[in-house]
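Remarks on the structure that follows.
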There are 2 protein chains.
Amino acid sequence: MTQAEQEVPHMTTIREVAQRVGVSAATVSRVVNGVPGFSELTRQRVLQAIDELGYEPDSLARGLKTSHSALLGVLAPAVSDALASQIMSGVESEARAHGHAVMLGRTGSGAELAVEYLRTLRAYRPAGVVLISTAITPEMRRAVGSRVPLVSVAIRKGNELPSVAIDDELAAYEGTMSLLRSGHRRIGLLAGDESSVLVNAPRERGYRRAMRAVGAKPLEERGNSLYESAIPALQRLWQRDPELTAIFALSDEMGAAAVNEAQRRGLRVPEDLSVLGFDDTPTSRHVHPPLSTVAQPLVPMGESAVRLLLGQGPRNQVLPHRIIARGSTGPTPMPPH
Amino acid sequence: MTQAEQEVPHMTTIREVAQRVGVSAATVSRVVNGVPGFSELTRQRVLQAIDELGYEPDSLARGLKTSHSALLGVLAPAVSDALASQIMSGVESEARAHGHAVMLGRTGSGAELAVEYLRTLRAYRPAGVVLISTAITPEMRRAVGSRVPLVSVAIRKGNELPSVAIDDELAAYEGTMSLLRSGHRRIGLLAGDESSVLVNAPRERGYRRAMRAVGAKPLEERGNSLYESAIPALQRLWQRDPELTAIFALSDEMGAAAVNEAQRRGLRVPEDLSVLGFDDTPTSRHVHPPLSTVAQPLVPMGESAVRLLLGQGPRNQVLPHRIIARGSTGPTPMPPH
DNA sequence: TTGTAGGCGTTATCAT
DNA sequence: ATGATAACGCCTACAA
């Protein structure tokens, strides 16, 4: 408060730090970046000056010089998407741990906006971009430039593009199996939107494979993964088979809707109807009984994606899923004779 | 460490565009930024060259030169916070509409991390920062520098600092009143954490004022706004008054928990017990019956915050709340005689 | 160990 | 209407 004029809140530069210590800007830069070439005494004095002046390197200038910023992009179908939020949470913390900041974007349900966002992102020369529930297309690659690594999370298209996901087919197979093992045979599937086929198709295959394995008849209706969409789909399921003893919903929101709707109709869950969800989002805990679900390790997936972008992980990662039994599943009310 | 030698995909610069058209970089810059000083013919040729070369201005260089970027910071208590997600959604879309990108950060439940994030943000010379559910402190102001505007959303401390919020006291008063008008007198309050006093204290005052206005006795227990915290708090409420006919939860998560817990205990909602939530997050729709709630216009609040930062709105904004009657509230089972 | 100088891509000032 | 030129703050050879 002695020498600082109050007028224009000038940002401290590296040169001012240098001047104060009586060294050149280059030396300060070396200290700041840990590049060898300074004495211990210099280091201490520089650090002290930095502290006193509250100096912080200008990321814009640094990025311009080095032609890359410590920015990571994250694109989600919607900013408020519950599943994406969990993944973003992992991305954010891991990015932070590596000294990176996170830029937020939105792809829209059909990835319409992705290219636009990637172009904006490119202008900031980010270290990488995480695409949540979105497949990488050639247009996206082009939009962001070939220098910026991309990774898809919670979705996978072959092993060509970098991705972090679970084995959806296997997870759905095992989820179905867990219901079958409890004695259920009439298991209705609440599938997701055809537009998110990369996630839903494998899950549907897993369900069918399990059903066929025991000679049970698959029964499927399609929603769009959201809560509201489940009610009419459920209705259609019940119309086609009023004796269903279990519902396998390919999203927790649809699972939650199934639990609520069943109870509304006077069915007890799980005594009269078992419901199994998918994803393990917080929604699964917001119904009663809490939703049993096929869990994806969403937060770790976000973390892994960041490590992959930063070059510290394999190009394709299949993380382990697991079946979590909460209160919404139980033995079949009428075991087959 | 080892990196294959491959052709470096050079980013197109303003000079290359200029060269192609046969003008100077300055002229291209003028066209790009709409600064007067070029002929119509030049404009068209520049635009065409930009298109052909896929030129995009480097935001880092631009920011360095102008000393401000088209970046907006958003800090939420947690990245996956449901209420914050809704606000972020509004922030993101409005920012985008104004040509700004969004940087994401986390304050932690007690704003411990806020200063650290703000320091990082400052290095990118953002146009402003939105603080969700977080009050602005002098430390924060200092961390981000006096050039960068801050705004609190969904929280308000007097009228000193910029903010966008509802009138929490009035909203809670009216919420309580709506229950009273349905005949309820024994209304238990599920309050939030003391650490988020800026939000909770006014709401609690509103509840008490309404109760006193009709001579009813306030009855309060405290959770931490999250789902799980509501169950023990509810228990305490019932212990203190087993005849409660309504619960007013100061968050939707606690409200959802109350609906579920009541039903688990064999109470019908709303026939035996009415439950009113607060905030109008998606959680309110994930229980059955769907939760009646005191709604904050979360998305518009995010949008307003951005406009305020960009200098297009008053420094303090009180947005309208409203009471939404869904299925979880109804007349009291035993009207007073 | 330390300093000097050049330039990253852009905008703004001053000429022409 | 347009061009040359000088920064913005930083990093990094290259010198010393």
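Keep in mind that the numbers below use all heavy atoms, side chains included, and drop hydrogens, waters and symmetry copies. Naming: A, B, ... by sequence-line order, numbering from 1 per chain.
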Can you find a heavy atom in the side chain of [X] that is under 4.5 Å from one in the side chain of [Y]?
X        : Y        : result
B:Gln312 : B:His98  : yes
B:Ile155 : B:Ser163 : no
A:Arg30  : A:Val46  : no
B:Thr281 : B:Leu83  : yes
A:Ile14  : A:Pro57  : no
B:Val129 : B:Leu121 : yes

Exercise. Specify the angle, to 10°, made by the local axes at the two ends of the helix from C:dT1-D:dA16 to C:dT16-D:dA1 when five pairs are taken at each end.
Key: 40°
Quiz prompt | Nucleotide-resolved protein contact map, nucleotides 8-16 of chain C, B/S/- at heavy-atom distance under 4.0 Å | solution = BBBBBB---
Protein-nucleotide distance ([X], atom [atom1]; [N], atom [atom2]), rounded to Å:
X        : N     : atom1 : atom2 : value
A:Leu60  : D:dC8 : CG    : C1'   : 10 Å
B:His68  : D:dG9 : NE2   : P     : 14 Å
B:Tyr124 : D:dC8 : OH    : C1'   : 17 Å

Quiz item: Any side-chain N or O of A:Thr27 less than 4.0 Å from the OP1 or OP2 oxygen of C:dG3?
Solution: yes
Quiz item: Which residues satisfy the side-chain contact (heavy atoms from CB on, under 4.5 Å) test with B:Ser196, sequence neighbours excluded?
Solution: B:Asp193, B:Asn200
Practice problem: Test side-chain hydrogen bond (donor to acceptor under 3.5 Å, both in side chains) on A:Thr120 and B:Arg96 and set out the steps. | Solution: CA-CA 10 Å; A:Thr120 301; B:Arg96 187 97 203 142; 3.0 Å; yes
Quiz item: With sequence neighbours left out, what residues match A:Arg307 under salt bridge (Lys or Arg N to Asp or Glu O under 4.0 Å)?
Solution: A:Glu94
Quiz item: Using a heavy-atom distance cut-off of less than 4.0 Å, which residues of residues 36-48 of chain A contact DNA chain C?
Solution: A:Gly37, A:Phe38, A:Ser39, A:Thr42
Quiz prompt | side-chain hydrogen bond (donor to acceptor under 3.5 Å, both in side chains) partners of residues 31-45 of chain A, not counting sequence neighbours, each pair once | solution = A:Ser29-A:Asn33, A:Asn33-A:Arg62, A:Ser39-A:Thr42, A:Glu40-A:Arg43, A:Glu40-A:Gln44
